[in-house]
Undergrad: 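Below is a structure I'd like to ask you about.
Keep in mind that the numbers below use all heavy atoms, side chains included, and drop hydrogens, waters and symmetry copies.
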Amino acid sequence: MLMRALPLLPLLLAFACTAPGNTVPAKPAEPFKPTLSLRPVAVSLAKGTTQAFQAEINYPEGVRYMRQPVGWRVVEPDGGSITGAGLYTAPASPGVFHVEVRREDFPDILASATVTVK
């Protein structure tokens, strides 16, 4: 009798593994974690010269923007200027200044760079 039952064993196991209610639920998607990086993070410049800064961000799945949603600023009032594209112009006076970039879609995310003007 045992010999007759052995050929049915694989069939019974197949049904047992695919029975409703025994499926593994799909893993939930991980929440989006916004990032922002800035290059370069430190630079030394002569008075009045320019430096291009680059911001890199990640995007939520399936989302793309017409332009990168970042805003630029020079922290110190007399620390030079920066364009919306990240082009910094050093001031006419020497000092240590800071360029900051902030995500517009996630305003709590920011990065900064140190600029030494000689």
Undergrad: Would you check if Pro94 and Lys47 make a side-chain contact, meaning some heavy-atom pair closer than 4.5 Å?
TA: yes
Undergrad: According to side chain to side chain contact (heavy atoms under 4.5 Å, CB included), who are the partners of Glu100, at least two apart in sequence or on a separate chain?
TA: Arg73, Val75, Arg102, Leu110
Undergrad: Which atoms form the tightest heavy-atom contact between Glu56 and Gln68, and what is the distance?
TA: CA-NE2, 3.9 Å
Undergrad: Might you point out which heavy atoms bring Pro40 and Ala113 nearest each other, and give the distance in Å?
TA: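 Reported closest heavy-atom pair: O-CB, 3.4 Å.
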Undergrad: Working to the nearest 0.5 angstrom, can you tell me the gap between Arg67 CZ and Glu104 CD?
TA: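 That separation rounds to 4.5 Å.
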Undergrad: Hydrophobic side-chain clustering at under 4.5 Å (ILVMFWY, transitive links): who's grouped with Val74? Put none if nobody.
TA: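 Once heavy-atom contacts under 4.5 Å are chained together, Val74 belongs with Phe32, Leu36, Leu38, Val43, Leu45, Phe53, Ile57, Tyr59, Val63, Tyr65, Val70, Trp72, Ile82, Tyr88, Phe97, Val99, Val101, Phe106, Ile109, Val115, Val117.
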Undergrad: Looking at Pro91 and Gly79, what are the two nearest heavy atoms and their distance?
TA: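 Residues Pro91 and Gly79, closest heavy atoms: CD-O, 3.5 Å.
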Undergrad: Taking side chain to side chain contact (heavy atoms under 4.5 Å, CB included) as the definition, give me every residue that meets it alongside Thr35, ordered by chain and number, with sequence neighbours left out.
TA: Asn58
